[in-house]
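First the structure, in the form of structure tokens, and then the observations on it.
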4 protein chains.
Amino acid sequence: MKREKPKYMQIIDAAVIVIAENGYHGSQVAKIAKQAGVADGTIYLYFKNKDDILISVFKEKMGVFIERLREIAHRPISTEEKLYELVKNHYTILQNDHHLAIVTQLELRQTRKPLRTKISDILREYLSLYDYILKEGIENGVLKDSIDIRLLRQAIFGMIDETSTSWVMTGQKHDLVSLTDEVHQLILHGLKK
Amino acid sequence: MKREKPKYMQIIDAAVIVIAENGYHGSQVAKIAKQAGVADGTIYLYFKNKDDILISVFKEKMGVFIERLREIAHRPISTEEKLYELVKNHYTILQNDHHLAIVTQLELRQTRKPLRTKISDILREYLSLYDYILKEGIENGVLKDSIDIRLLRQAIFGMIDETSTSWVMTGQKHDLVSLTDEVHQLILHGLKK
Amino acid sequence: MKREKPKYMQIIDAAVIVIAENGYHGSQVAKIAKQAGVADGTIYLYFKNKDDILISVFKEKMGVFIERLREIAHRPISTEEKLYELVKNHYTILQNDHHLAIVTQLELRQTRKPLRTKISDILREYLSLYDYILKEGIENGVLKDSIDIRLLRQAIFGMIDETSTSWVMTGQKHDLVSLTDEVHQLILHGLKK
Amino acid sequence: MKREKPKYMQIIDAAVIVIAENGYHGSQVAKIAKQAGVADGTIYLYFKNKDDILISVFKEKMGVFIERLREIAHRPISTEEKLYELVKNHYTILQNDHHLAIVTQLELRQTRKPLRTKISDILREYLSLYDYILKEGIENGVLKDSIDIRLLRQAIFGMIDETSTSWVMTGQKHDLVSLTDEVHQLILHGLKK
DNA sequence: CATGAATGAGGATTCATTCAT
DNA sequence: CATGAATGAATCCTCATTCAT
């Protein structure tokens, strides 16, 4: 039965695994095709080229982050709670898929310009939800209104991203989600006692 | 006078320029050699291989960050002031050398395992100075003692790194150093009003 | 009405257009199929393989050359007149179908052995009509009997073919048929005054 | 001793042999490199790409045709004699190098546009010497002045080219140079008795 | 008869590295 | 120390052809 899974997602999923295990550089198209159980040429029926696979992986997986955060952003809860859920959501998705975590935190930090641009574009949608929550917080008088919102967003994302990368680079040994409380506290109140 | 500059630094400097302008991928050894004004083969008298050039670039340039931060860490000033200088120092070095900023924030985020490891090793020395300042702050009762010091460090570095990367990716148009006040405030007191 | 045209000729005609516009190299089977309005696989119900399309194109189109020349060869006119009509016929067919002209003069000059052989075989029938006319001319004492008939034929065909190719390569701008008089004269009396 | 032969000509000569024996299509760069006794990559120190090899082969070899014809064109002999030598020269060069003959008459008739253009450019210099001789003949009242000189040139070249191609396609069995007399006669006086 | 998704063999080209001079 | 000509491994992608529907 060919029905099971459309080949597109089959290849995406294979790519995540292969890239996580071999690095983008070590992930020949043939290797991804084999993992996906399709012929090399089949890849090109669904993706323009190799880079397009990576971009699509990011797009598809970022979709999950975005979808859930969007739901959080619209819940009838306080800004503090939304920020808490924001952090927890990010950590949870990464912790639940170690392969994805490697790809997201390490392999996707590609340097070639065109790729970088495409990835940024996708990330922008995710970060615009940060902005939504932050703006609301400022309007409600919960968050500082003296600082540029972009800077607030970068501060939050920087903390979450750096802690995630550290977690991945140290072998994903400890529990990432359990950092949520402390990181949430740091985001809101800073390092000062 | 090229004569007075040992070829080693000549190549390092050439590498920063070439990599910043062409990306690591587009920086063939031949191109770096040409920019440095030496023959291709000469590179290999000073560097083991191409990766070694990148690592050496990072090591040499990180040295400046480390040197200055070490001086700051030992000044007879408060922890708050040290953190202020830490941020300012990082931003200032990047802002003063746009080529270096590109290399540091974008091109060095290489994905290949061996390179990643080497770069982490070098970064560790820089980050250990963060730890020194943080530890002091905790002991003096200035900083939270309820949170793991590694997390505090990641929070600070994450913010600084993310803001720097954003600055580079948006074309280094605005003034980076002038963000110091706000970022310092976020580090200490968080986003909450 | 596509319905009335058997798919075989539909594909042949599509191939002439696609090959003329894209070159043999740029004429993927899929492109020909699309132009013909059939599925890729359908091509293989009518042709053994891609080369077979080209051969069939040549065979079908050469058929027109042959048919008309055969009629000319049997007309009750002088050898000189027959040679005149031979040239005019060749030029007229090419001039009336610019796509065909490109395919015949340029794209069909394929180099691969098997194709070359097949094309020669088809051409042979056309050229045997040249021989028929030439033989008659020799027997009637009109043409030189001192020169091998194959050489005479090659001389005529060489002139016609080269002038046709030049015409195609210069963009088919001038009138090809109007060269008939002069070429006819050259064939009969040579370059000498 | 690497001295013997500059690698450029070494590769050109290898290419002629390999292409003659395998066709352009069957002539992988690796095969040419092997025949030339160099590494694959070395080819690219001397040629921009594979097509450039073919173009260079044609340019180098056409040079011989041109050089010799130029000398003939300037000899103090009659136009008739020059045309005789022109034919003989062409046939002689081809007959003396069977590999070259195959490449020239068959493999070089490539269809891809850019290649075709480059080859035409090179051929033009050779044909301009035809024009030189023809113009002289017309001015001296030896040749017809009623026919466009380009047509005269195409007639001559067409005959020579077609007879050469026939000779190659029939396996280069008979003697090509011995056709000179008859072809010369056809060029000057045509087929008419 | 007709479809078109899937196949997978095949090859030009780049570029880090070496080593004879 | 310095050179730079030569090396050769390594891989993405195309596209003619098949065959299950």
Side-chain angles (χ1 to χ4, degrees), chain A residues 1-3 6-8 10-11 25-34 36-53, chain B residues 6-8 11 25-34 36-54, chain C residues 6-8 10-11 24-34 36-54, chain D residues 1-3 6-8 10-11 25-34 36-53:
Chain A
M1 274 309 121
K2 281 268 168 65
R3 187 109 32 88
K7 290 223 175 4
Y8 175 80
Q10 208 170 313
I11 294 167
H25 216 81
S27 299
Q28 293 83 345
V29 171
K31 217 180 260 177
I32 295 174
K34 196 171 181 185
V38 301
D40 294 16
T42 305
I43 299 270
Y44 292 88
L45 295 177
Y46 296 91
F47 301 91
K48 244 194 346 281
N49 51 41
K50 199 187 163 188
D51 277 355
D52 191 33
I53 302 176
Chain B
K7 286 209 170 40
Y8 175 81
I11 294 167
H25 226 80
S27 299
Q28 294 81 350
V29 171
K31 215 181 259 177
I32 295 174
K34 197 173 180 185
V38 302
D40 295 16
T42 304
I43 298 270
Y44 291 86
L45 297 176
Y46 296 91
F47 301 90
K48 225 174 35 258
N49 52 39
K50 196 186 169 188
D51 278 354
D52 191 33
I53 302 176
L54 200 63
Chain C
K7 286 211 170 37
Y8 175 80
Q10 209 170 310
I11 294 167
Y24 183 63
H25 227 80
S27 299
Q28 294 81 348
V29 171
K31 214 180 261 177
I32 295 174
K34 196 172 182 186
V38 301
D40 296 15
T42 305
I43 298 270
Y44 291 86
L45 297 175
Y46 295 90
F47 301 90
K48 224 174 34 259
N49 52 38
K50 196 187 170 189
D51 278 353
D52 190 34
I53 302 175
L54 200 64
Chain D
M1 274 307 120
K2 281 268 166 66
R3 185 110 33 90
K7 290 224 176 0
Y8 176 81
Q10 208 170 314
I11 295 166
H25 217 80
S27 299
Q28 294 83 345
V29 171
K31 217 181 260 178
I32 295 174
K34 195 170 183 187
V38 301
D40 295 16
T42 304
I43 300 270
Y44 292 87
L45 295 178
Y46 297 92
F47 302 90
K48 243 192 349 279
N49 50 41
K50 198 185 166 190
D51 277 356
D52 191 34
I53 302 176

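Throughout, a chain's letter reflects where its sequence line sits, starting with A, and its residues are numbered from 1.
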- Item | Rounded distance (Å) that lies between atom P of dA16(F) and atom CG of D52(C) | 14 Å
- Task: Could you tell me whether Y46(B) contacts a base, only the sugar-phosphate backbone, or nothing, with contacts defined as non-hydrogen atoms closer than 4.0 Å?
- Result: sugar-phosphate
- Query: K7(A) side chain N/O closer than 4.0 Å to the phosphate oxygens (OP1, OP2) of dA5(E)?
  - Reply: no
- Item | Spacing of the C1' atoms in dT21(F) and dC1(E) (rounded, Å) | 13 Å
- Task: Using ring-ring contact (aromatic ring centres under 6.0 Å, His included) as the criterion, list what pairs up with Y46(A), not counting sequence neighbours.
- Result: none
- Message: Whole angstroms only, please: what is the CD1-C1' distance between I11(C) and dA16(F)?
- Response: 15 Å
- Residue set satisfying salt bridge (charged side-chain N to carboxylate O under 4.0 Å, His left out) with D51(A), at least two apart, ordered chain then number -> R112(A)
- Partner residues of Y44(A) under the side-chain contact (heavy atoms from CB on, under 4.5 Å) criterion, sequence neighbours left out: V29(A)
- Query: Atom CD1 of I43(C) to atom P of dA5(E): distance rounded to whole Å?
  - Reply: 16 Å
- Query: Got a minute to check which stems DNA chain F is part of, using Watson-Crick or G-U wobble pairs under 3.5 Å, three or more consecutive?
  - Reply: E:2-21 with F:2-21
- Query: For the pair made of CD1 in I32(D) and P in dG8(F), what is the distance, rounded to whole Å?
  - Reply: 18 Å
- Item | CG-CZ distance between L54(C) and F47(C), expressed to the nearest 0.5 angstrom | 10.5 Å
- Nearest 0.5 Å, what's the CD1-CG distance between I32(D) and D40(D)? 10.0 Å
- Task: Measure the distance from OH on Y8(A) to P on dA5(E) and round it to the nearest whole Å.
- Result: 17 Å
- Item | Residue pair K31(C) / K34(C), side-chain heavy-atom distance below 4.5 Å | no
- If you round to the nearest 0.5 Å, how far is CD1 of I11(A) from CD1 of I53(A)? 7.5 Å
- Item | Proximity to the side chain of L45(A) - top-ranked nucleotide from dA5(E), dT3(E), dG8(F) | dA5(E)
- Message: With rounding to the nearest 0.5 angstrom, report the CD1 to CG distance, I43(D) to D52(D).
- Response: 11.0 Å
- Query: Residues in ring-ring contact (aromatic ring centres under 6.0 Å, His included) with Y24(C), at least two apart?
  - Reply: none
- 5' to 3', nucleotides 11-21 of chain E under a 4.0 Å protein heavy-atom cut-off (B base, S sugar-phosphate only, - none) gives SSBBSSBB---
